[in-house]
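Take a look at the structure set out below.
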Amino acid sequence: MEIAKSYNPKEAEENHYRIWEERGCFAPEINENPDARTFSIVIPPPNVTGNLHMGHALQHTLMDTLTRWKRMQGFRTLFLVGVDHAGISTQLMVTRQIKKDEHKTPQDLGREEFTRRVWDWKNKYGDTITNQIRREGLSADWTRERFTMDESLSKAVREVFVRLYEENWIYRGTRIVNWCPKDKTVLSDLEVKEDKKKDGKLYFLQYPIANSDRKITVATTRPETMLGDTAVAVNPEDERYRDLIGATIELPLTNREIKIIADEYVESEFGTGAVKITPAHDPNDYEIGERHNLEKLVVMNDDATMNEAAGADFAGLDRYKARDLVIEKFEELGLLEKIEDYEVVLPVCERCKTVIEPLLSEQWFVKMDEMRDLALNLMREENSPRFFPEVPHRKVYTTWLENLKDWTISRQLWWGHQIPAWYDEAGNVFVARTKEEAIEKAGSENLTQDQDVLDTWFSSALWSFSTLGWNGEVTETEDLRMFHPTDVLVTGRDIIFLWVSRMVMTALKFVGEKPFSDVIIHGTVLDKNGQRMSKTKNNGIDPLDVFDKYGVDATRMTLADSATGTDFAWRDEKVESFRNFANKIWNATRFCLLNSDGAQVDYSYLNPKAEAQEIVRELKGELNELDEEDEEFLDKVDPIFAKDNPKENLSVADRWVISRLNKTALAVNKALETYQFHEAVQLLYHFFWDDFCDWYIELVKDKITSEEPNVARDAARSRILTIIEQSLRLLHPFMPFLTEELWGKLPNVSNELHNAAYKSAEQTIMLADYPCGDASLIDERAEAEMQAVIDLISKVRNIRAEMNIKPSDKPAIHVAANAEYQNIFAQNEAQILKLARAESLNLSESLDVPKASAKAVIAGAEIAVPLEGLIDFDKEIARLEAQLTKLEIEATRLNGQLGNANFVERAPTEKVEEIRNRVAEIETQTGALKLNLEALK
RNA sequence: GCCGACUUAGCUCAGUGGUAGAGCACUCGCUUCACACGCGAUAGGUCACAAGUUCAAAUCUUGUAGUCGGCACCA
């Protein structure tokens, strides 16, 4: 067989994905079992404008690993993918492009033409990220791919809006909102981030009191807003100002007069204890304004320039120019008391980083109190969703819900779901699913639709069920019945509020059930210095580059190897080690294939009992009353499993590796059940590399490379191939491409190895049965015996290395042990001689060797390697003393424990017994070492 | 201000009451017929610090220091 010397990921990645998709392997319909349990997962929809980043790669790896694992277990799986329309980002991107190409603004084109252009852009470039997702190997059902602007999903959005409005859970109102003057749209609280500015200033402005020569000083970080002041507030308890309450201020730079009012909100200790109140430009001032019936004077335009209400001197000025001018004028008037340096925290737009302007405006809101209670009750009553890791996310989630404010859902954009509200000429609002319905409600055809669109997250909130066909008109579909609630959501911390919580609320409200059972919150991939990756820092690592350099499988392993929920610093060395692992798997398989004549993949080489059970099943048809015909039945089975049957005739090493394999399979499944991906990765890595490659292959190498065909050789070859086949299946959810590539090269693999649900599908490892591990094949005795052999070989190798014995020199090995251990070593003599590179193995009850021997002790045996003329006595003494010291330190500690009456009395008896045994073992070994040392001195 | 997490080998990280682990890097030795992306053998840690609970603490409790995150406030 031709097989390359090293693994080339590119070829495998290009071929297999296309084939899997073409054959429909990703679609749940591939599962033929009508009673199959289902497993479903929906992707957190990335932005249609987006590019794949490491966070996606991590998230997608975890989702796909779970999906592939469940699929192999025979679940009817759905991994649903799609993208969202990313209102602001997409509109900005297309706006920029039109400006560049045609020197036009969206307004020049008009709404209809502009949205057409956005669709053009989407159709042309919108599949960038989905193609990148294919590259990752995600086993997603592309026939069910969704987009938040799809007709049915849009219909769902309108339906939800109308119903919430009808129940008064959506309302329109005038509030202080977060306004981005660059994007010219309102933003929800969650889309506003903070930016610390060390070089901020606090300005102290003096306001003259009317009919008096007194002044009151207010402190502010935004002097320009004083043009919109409609009061100054002080704390009613503040002695300094008590007599001024109710006094009139002649507001400088304006010809307005404002009052001094008293409000508990003001903290006397802060600043001057007097606060200028600008109800139209500050959320707290707005509250005070409401309490005191203050005028709400808007002095800014939507682009953060001052408007006419700010006065002729200021109208048209940018907010920062206006600030300078206000200060200049105050200085001229002698009313600028001082300017202090002050660290300010500015709210900025998450996307464009422009400083947010709090602005009084009319918007649509979702009232969150009842919505919130739906989610809180679900958590209280069913502890759902379950967060992984539970700490801290469960608490963060519930605390956030408890303090939730109403959600601003309108956006001043053209790209998105236009709000289904129409106005008649009198300004009356009619919320309806369609214009026709609105006309009917209004009794008039002269209606104009609300110009705004809905927050993208409003449509994402419906993702778990709108993607499965729910749109208000259609509320029951086969997909909903089968796949909703989904099983697990995998997402990042930053999206718990924006998306996770809102999906919970809307699913409960509209489908009457939770959207998912479990939520995995994965960690953040940091750069190698532990810094967050960001465009501004330009320290991002492009997953596509990593795929090119190390392969997709190695990248997936690297990502899956991070502890669930924990941030980790990206290290190229780590991907490299998994690239090496992939190559190791490739070469181990290659080696076995180069020696595979006469061999076949056959699970009964690992588990003869399974074959016996299979025969039992087959014979059951003939032997209806099995119990009564035991003797006759056993006669039929026994000859097949006679002692000379190669499937039955297992060596210690065979039983050892089979035990290790099954322990690994059991533990991997257990780890995946609790989303401990890194645990599974570590188990597979160490089983395959350490147990299987470093020991088992080496132990059976002579046998399987034998030129001469015989039953024992072919059995060994079959066994090793079968272990590889099992390992590839175990690894497949993590390393889909490599495992598929190799699996297809093994002799006698076919769709017969598929899970029962996929028997008639074309052969592929992704539909093979996932090994669940067989506890009955765990053989502790074989593991203990094999450990003794490994220890013996390791000690001899150690002696060889320390004593600088040339590889070509083959010393004799003398071992003193009891009959049981002698027997174990005798059974493995050939392997011991080969792996320790020794001439002979001499077993006896006690050692009788020349003084010039290197010695070692292991549990149950003493080892000596005679090294006439080769031994360096000083070095040997140092070696033995090092071993002795190690053991004595341990003995001191353990004897200390045993000497403690409280320990012996209170610790569990097994523990005490264990330590006594260990002390006895150490005594034997130290005794031997001391005698050896004596002999050398 | 409130809540929370983290601190373990040179680096990146596992490890929730019973002998401190991995990968990488380091040191030494190997062109051993699958693999130098390899094989073999070493070395390396007061588990941040302090007190407490316990027969027993990296692990539980409290405090301290440092790092980071979320929320709130920010005149």
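Just so you know, these numbers come straight off a predicted model, no measurement behind them. Scope of the values below: all heavy atoms of this structure, side chains included, with no hydrogens, waters or symmetry mates. Just so it is clear: chains get the letters A, B, ... in the order the sequence lines come, proteins before strands, and each one is counted from 1.
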Length of the CD-C1' vector between A/Glu576 and B/G38, whole Å
14 Å

Qualifying residues under salt bridge (charged side-chain N to carboxylate O under 4.0 Å, His left out), relative to [X], sequence neighbours excluded:
| X | result |
| --- | --- |
| A/Glu287 | none |
| A/Asp195 | A/Lys197 |
| A/Arg837 | none |
| A/Arg918 | A/Glu890 |

Expected output check: what is the dot-bracket annotation of RNA chain B, where ( ) and [ ] are pairs inside the strand (brackets for crossing ones), | is paired with another strand, and pairs are Watson-Crick or G-U under 3.5 Å?
((((((((.[[[[.)..(..]]]]..((((.......))))......[[[[[..)....]]]]])))))))....

Side chain of A/Ala907, heavy atoms from C-beta onward: which of B/C73, B/G18, B/U32 has the nearest atom to it?
B/G18

Atom pairs under 3.5 Å, N or O on each side, protein against nucleotides 33-36 of chain B: can you list them with distances?
{"unit_1": "B/A34", "atom_1": "O3'", "unit_2": "A/Arg590", "atom_2": "NH1", "d": "3.4"}
{"unit_1": "B/A34", "atom_1": "O2'", "unit_2": "A/Asn587", "atom_2": "OD1", "d": "2.6"}
{"unit_1": "B/A34", "atom_1": "O2'", "unit_2": "A/Arg590", "atom_2": "NH1", "d": "2.8"}
{"unit_1": "B/A34", "atom_1": "N7", "unit_2": "A/Lys701", "atom_2": "NZ", "d": "3.2"}
{"unit_1": "B/A34", "atom_1": "N6", "unit_2": "A/Glu698", "atom_2": "OE2", "d": "3.1"}
{"unit_1": "B/A34", "atom_1": "N3", "unit_2": "A/Asn587", "atom_2": "O", "d": "3.0"}
{"unit_1": "B/A34", "atom_1": "N3", "unit_2": "A/Ala588", "atom_2": "N", "d": "3.3"}
{"unit_1": "B/C35", "atom_1": "O4'", "unit_2": "A/Asn587", "atom_2": "OD1", "d": "3.0"}
{"unit_1": "B/C35", "atom_1": "O2'", "unit_2": "A/Asn583", "atom_2": "ND2", "d": "3.3"}
{"unit_1": "B/C35", "atom_1": "O2", "unit_2": "A/Lys584", "atom_2": "NZ", "d": "3.0"}
{"unit_1": "B/C35", "atom_1": "N3", "unit_2": "A/Lys584", "atom_2": "NZ", "d": "2.8"}

Only distances under 3.5 Å count here; give the side-chain donor-acceptor pairs of residues 268-280 of chain A to other protein atoms, sequence neighbours excluded, each with its distance to 0.1 Å.
{"unit_1": "A/Ser268", "atom_1": "OG", "unit_2": "A/Asp238", "atom_2": "OD2", "d": "3.3"}
{"unit_1": "A/Thr272", "atom_1": "OG1", "unit_2": "A/Thr217", "atom_2": "O", "d": "2.5"}
{"unit_1": "A/Thr272", "atom_1": "OG1", "unit_2": "A/Ala274", "atom_2": "N", "d": "3.2"}
{"unit_1": "A/Thr272", "atom_1": "OG1", "unit_2": "A/Ala274", "atom_2": "O", "d": "3.3"}
{"unit_1": "A/Lys276", "atom_1": "NZ", "unit_2": "A/Thr225", "atom_2": "OG1", "d": "2.6"}
{"unit_1": "A/Lys276", "atom_1": "NZ", "unit_2": "A/Asp229", "atom_2": "OD1", "d": "3.0"}
{"unit_1": "A/Lys276", "atom_1": "NZ", "unit_2": "A/Thr278", "atom_2": "OG1", "d": "3.0"}
{"unit_1": "A/Thr278", "atom_1": "OG1", "unit_2": "A/Asp229", "atom_2": "OD1", "d": "2.7"}

Letter by letter from the 5' end, nucleotides 6-14 of chain B scores (B base, S sugar-phosphate only, - none; protein heavy atoms under 4.0 Å) -----SSSS

Can you work out whether A/Arg222 or A/Asn902 has the more 5'-proximal nearest nucleotide on RNA chain B?
A/Asn902

Assert: residue with more 5' nearest nucleotide on RNA chain B, out of A/Pro807 and A/Ser268, is A/Pro807

Sorted by first residue and then second, give each ring pair (Phe, Tyr, Trp, His ring centres under 6.0 Å) pair with at least one member in residues 553-582 of chain A; sequence neighbours left out.
A/Phe578-A/Tyr685, A/Phe581-A/Tyr685

Only counting residues at least two apart or in another chain, list the ones meeting ring pair (Phe, Tyr, Trp, His ring centres under 6.0 Å) with A/Phe677.
none

Would you indicate, yes or no, if B/C73 has its OP1 or OP2 atom less than 4.0 angstrom from a side-chain nitrogen or oxygen of A/Tyr265?
no

Qualifying residues under side-chain contact (heavy atoms from CB on, under 4.5 Å), relative to A/Leu833, sequence neighbours excluded
A/Glu829, A/Ala838, A/Leu841

Given the C1' atoms of B/U16 and B/U8, what is the spacing between them in whole Å?
14 Å

With C1' as the reference atom in both, quote the distance from B/A57 to B/U19 in angstrom, rounded to an integer.
15 Å

Listed in order of residue number, which residues of residues 888-901 of chain A have a non-hydrogen atom at under 4.0 Å from RNA chain B?
A/Glu890, A/Arg893, A/Asn900

Any base atoms under 4.0 Å from A/Val345, or only sugar-phosphate, or nothing? Heavy atoms, all strands.
base

Contact class for A/Phe578 (heavy atom, under 4.0 Å): base, sugar-phosphate, or nothing?
nothing

Measure the shortest side-chain to side-chain distance between A/Arg717 and A/Ser596 over non-hydrogen atoms and say whether it is less than 4.5 angstrom.
no

Would you please classify the geometry between the A/Phe497 ring and the A/Trp400 ring as parallel, tilted or perpendicular, with 30° and 60° separating the classes?
parallel

